[in-house]
Amino acid sequence: MKINVLKGMYDVLPEEVVFWQFIEKTVRETAALFGYGEIRTPILERTELFKRGSGIGTDIVKKEMYIFEDRGGRSVTLRPEGTPSVVRAYLQSGVTSQGEIAKLFYIAPMFRYEKPQKGRFRQHVQFGAECFGIKNPAIDAEMIIFLLTIYARLGLKGFVLELNNVGCGKKECRESVRKGIKDFVSGKTNSMCDDCKLRLEENPLRILDCKKEGCIEILSGFEGTDSLACESCRSYYKELKDLLSANAMPFVENSRLVRGLDYYTAVVFEVTASGLGSQNAIGGGGRYDNMVKELGGPDVPAVGFGAGIERVIMALKSQCPDFPVSTATDVFVVYQGEKALKKVLFILNTLRLKLNISAKAAFGKSMKAQMRTANKLKSKYCIIVGDEEINKGVFKLKNMESGEEKEITENNLKSIRQLFRGKNE
RNA sequence: GUGGCUAUAGUGUAAUGGCAGCACAAGAGACUGUGGUUCUCUUAGAGCGGGUUCAAAUCCCGUUAGUCACCCCA
């Protein structure tokens with residue numbers, strides 16, 4: 001019986017891996033420019049971390065975690081999102097009671113037990129960043145610019161930044177926002193969908209997120225969460241908007257924007273792109289000033305984002321279908337006869353190890369078949385070696401584009417290097 | 001978790017309930033030392049389990065997987 005990959009998971013094959021390498025490289029380079037250091041945390045953590053970090057009320061924790069018992073009887077969970085792990089590592093690395101400024105980024109797989117569909121998987125990879133220890137609109141702006149810079153450097157076009165203030169972590173502020181929403185819909189709750197009727201008590205914020213027509217209608221005149229929030233976070237939010245505008249970072253205010261993670265305080269943002277099916281979010285984040293304390297650390301403010309690499313790749317592909325990088329072979333070594341076969345490895349070794357030229361060969365095939373393979377691999381040159389060449393102490397070098405052939409002596413194999421001037425030097 | 005659609009060779013696709021075809025890909029060959037074009041040949045297929053029927057790729061049930069949407073998210 002054949003065994004296939006698990007539902008919602010996939011293999012990244014060589015043709016596809018070039019996209020991944022390109023994105024990973026761009027993220028790392030950009031992070032270096034912004035002063036963020038890479039962090040790698042285990043994919044497995046104590047279940048408790050995500051329950052307390054992501055919040056027991058979230059869908060992720062309630063129904064999407066890969067959770068199981070290890071052999072020591074501990075409940076462990078495959079990381080469903082990046083932030084709690086980074087907070088844990090930040091704390092564990094030994095911050096003082098004041099908290100320290102730390103700027104960290106990661107590229108890491110996430111696991112959620114969901115029903116897969118376009119742009120949604122059970123294992124997906126996010127790049128993300130977190131900044132601890134600073135609460136200032138400027139760092140939020142920098143964080144957003146960091147994310148948008150990565151998208152821009154990837155060549156992504158047409159993405160939109162959405163922004164909202166959902167009310168800061170202070171009790172009065174939270175209560176005022178919740179109450180404001182409840183008051184606004186009171187009297188109209190009958191025509192709301194069943195989900196929203198439940199949300200009314202559990203998490204009124206989520207009502208804003210509902211896509212049902214009836215619920216959208218009810219909320220049509222809603223003035224937005226920002227106007228319900230407290231003075232201090234409203235002015236913080238305004239300052240952030242001013243900073244973004246002053247730096248030519250276009251954004252759209254979305255007073256309905258609510259993120260699925262409960263820990264966000266005040267600032268939330270999301271970046272959307274087209275060509276992704278019904279999943280149009282390619283990245284999102286916000287400020288989470290309470291999580292570090294809730295996970296047992298000092299009262300350290302924080303801001304961060306996460307972005308899905310699969311969705312970025314999808315968006316890039318839908319924008320420029322010819323994106324894949326060509327991986328043509330430089331030299332293909334063709335041989336004829338037993339004696340020549342002994343020379344093939346010598347030639348391959350010289351090209352690969354001494355001359356830094358990518359070289360291939362096909363063993364155990366007819367010469368014609370070898371040539372066909374060379375052609376299929378888009379080799380620029382072939383080196384042909386058979387009895388005739390061995391007797392003369394030469395190799396035949398064939399330019400596959402022009403068909404032109406010339407002889408080079410065995411000792412002068414290194415002269416091939418000049419054909420690839422500027423490459424891999 | 002809920003719902004819709006789909007399942008035939010490596011890939012893409014045909015066939016009133018009656019012999020499972022085609023294209024591409026792959027491999028071998030067409031003056032035994034040379035690729036692309038052309039030609040010939042070869043390999044390779046019903047997701048799985050039941051049922052109806054003389055007969056099932058085709059109809060029915062289940063299951064698995066894929067896919068799309070909802071929920072939610074990246």
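Naming: A, B, ... by sequence-line order, numbering from 1 per chain. Computed over heavy atoms, backbone and side chain alike; hydrogens, waters and symmetry mates excluded.
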**Message:** For A/Phe111, does the six-membered ring have the charged nitrogen or CZ of A/Arg79 within the cation-pi criterion, i.e. under 6.0 angstrom from the centroid and within 45° of the normal?
**Reply:** no
**Item:** Whole-Å gap separating P (B/C71) and CD (A/Gln279)
**Value:** 10 Å
**Prompt:** Can a donor-acceptor pair under 3.5 Å be found between the side-chain atoms of A/Arg120 and the base atoms of B/A74?
**Reply:** no
**Prompt:** Which nucleotide in the list B/C71, B/A74, B/C68 gets nearest to the side chain of A/Glu310?
**Reply:** B/A74
**Prompt:** Separation of A/Glu81 atom CD from B/A74 atom P, in whole Å?
**Reply:** 7 Å
**Fill in**
A/Glu162 atom CD is separated from B/A74 atom P, nearest whole Å, by 14 Å
**Request:** May I ask you to say what A/Gly285 touches in the nucleic acid, namely base, sugar-phosphate or nothing, with a heavy-atom cut-off under 4.0 Å?
**Result:** nothing
**Message:** So A/Glu114, base contact, sugar-phosphate only, or nothing? Heavy-atom distance under 4.0 Å.
**Reply:** base
**Asked** Distance check: side-chain N/O of A/Gln117 vs OP1/OP2 of B/C68, anything under 4.0 Å?
**Response** no
**Request:** Scan A/Leu261 against the nucleic acid and name what it touches under 4.0 Å (heavy atoms): base, sugar-phosphate only, or nothing.
**Result:** sugar-phosphate
**Request:** Determine the contact category for A/Arg259: base if any of its heavy atoms lies under 4.0 Å from a base atom, sugar-phosphate if only primed atoms, P, OP1 or OP2 are that close, otherwise nothing.
**Result:** sugar-phosphate
**Message:** Output the rounded distance in Å from NZ (A/Lys115) to P (B/G66).
**Reply:** 10 Å
**Prompt:** When we call it a touch if two heavy atoms are under 4.0 Å apart, what does A/Ala281 touch: a base, just sugar-phosphate, or nothing?
**Reply:** sugar-phosphate
**Asked** Where the side chain of A/Arg311 meets the backbone of A/Gly119, is there a donor-acceptor pair that is under 3.5 Å apart?
**Response** yes
**Message:** Looking at A/Ser75, is its backbone amide N or carbonyl O close enough to the side chain of A/Thr47 to form a donor-acceptor pair, meaning the two atoms are under 3.5 Å apart?
**Reply:** yes
**Prompt:** Does A/Thr225 use its side chain to pair, donor to acceptor, with the backbone of A/Asn165 at less than 3.5 Å?
**Reply:** yes
**Whether A/Arg112 side chain and A/Arg122 backbone form a donor-acceptor pair below 3.5 Å** = no
**Request:** Mind calculating the distance between CZ (A/Phe111) and C1' (B/A74) to the nearest angstrom?
**Result:** 14 Å
**Message:** Return whichever of A/Ile282 or A/Leu6 has its heavy-atom-nearest nucleotide of RNA chain B closer to the 5' end.
**Reply:** A/Leu6
**Prompt:** Of A/Tyr113 and A/Gly308, whose closest RNA chain B nucleotide lies nearer the 5' terminus?
**Reply:** A/Tyr113
**Asked** Taking atom P in both B/C24 and B/A20, what distance in whole Å separates the two?
**Response** 23 Å
**Message:** Tell me which residues in residues 337-345 of chain A lie within less than 4.0 Å of RNA chain B, going by non-hydrogen atoms.
**Reply:** none
Output a table of donor-acceptor pairs, distance under 3.5 Å, between side-chain atoms of residues 138-150 of chain A and any protein atom two or more places apart or on a different chain; print 'none' if there are none.
residue	atom	partner	partner atom	Å
A/Asp140	OD1	A/Tyr236	OH	3.3
A/Asp140	OD1	A/Arg287	NE	3.2
A/Asp140	OD1	A/Arg287	NH2	2.7
A/Asp140	OD2	A/Tyr236	OH	2.9
A/Asp140	OD2	A/Arg287	NE	3.1
A/Glu142	OE1	A/Lys103	NZ	3.1
A/Thr149	OG1	A/Ile145	O	2.5

**Asked** With distance as the sole test, does A/Arg352 use its side chain to make a donor-acceptor pair with the main-chain N or O of A/Ala359 at under 3.5 Å?
**Response** yes
**Complete:** Reading nucleotides 24-38 of chain B from 5' to 3' and marking B where a protein heavy atom lies under 4.0 Å of the base, S where only the sugar-phosphate is that close, and - otherwise, the string is --SSSB---BBBB--
**Request:** Give a yes-or-no answer on whether the side chains of A/Tyr288 and A/Glu294 include a donor-acceptor pair shorter than 3.5 Å.
**Result:** no
**Message:** Once hydrogens and angles are ignored, does a donor-acceptor distance under 3.5 Å link the base of B/C71 to the side chain of A/Arg206?
**Reply:** no
**Request:** Using modelled atom types only, decide if a donor and an acceptor are shared between the side chain of A/Glu310 and the backbone of A/Val125 within a distance under 3.5 Å.
**Result:** yes
**Complete:** Whole-Å distance, A/Lys7 NZ to B/U67 C1', equals 11 Å
**Request:** Quickly work out the A/Ile3 CD1 to B/A65 P distance and round it to whole Å.
**Result:** 14 Å
**Item:** Main-chain N/O of A/Leu316 paired with A/Gln319 side-chain donor or acceptor, under 3.5 Å
**Value:** no
**Message:** Between P on B/A74 and CG on A/Leu156, what's the gap in Å once rounded to a whole number?
**Reply:** 17 Å
**Message:** Would the distance check show the side chain of A/Gln370 and the main-chain N or O of A/Lys365 forming a donor-acceptor pair, the cut-off being under 3.5 Å?
**Reply:** yes
**Request:** For nucleotides B/A44 and B/U63, find the distance between their C1' atoms and express it as a whole number of Å.
**Result:** 27 Å
**Item:** P atoms of B/U52 and B/U58, separation to the nearest Å
**Value:** 15 Å
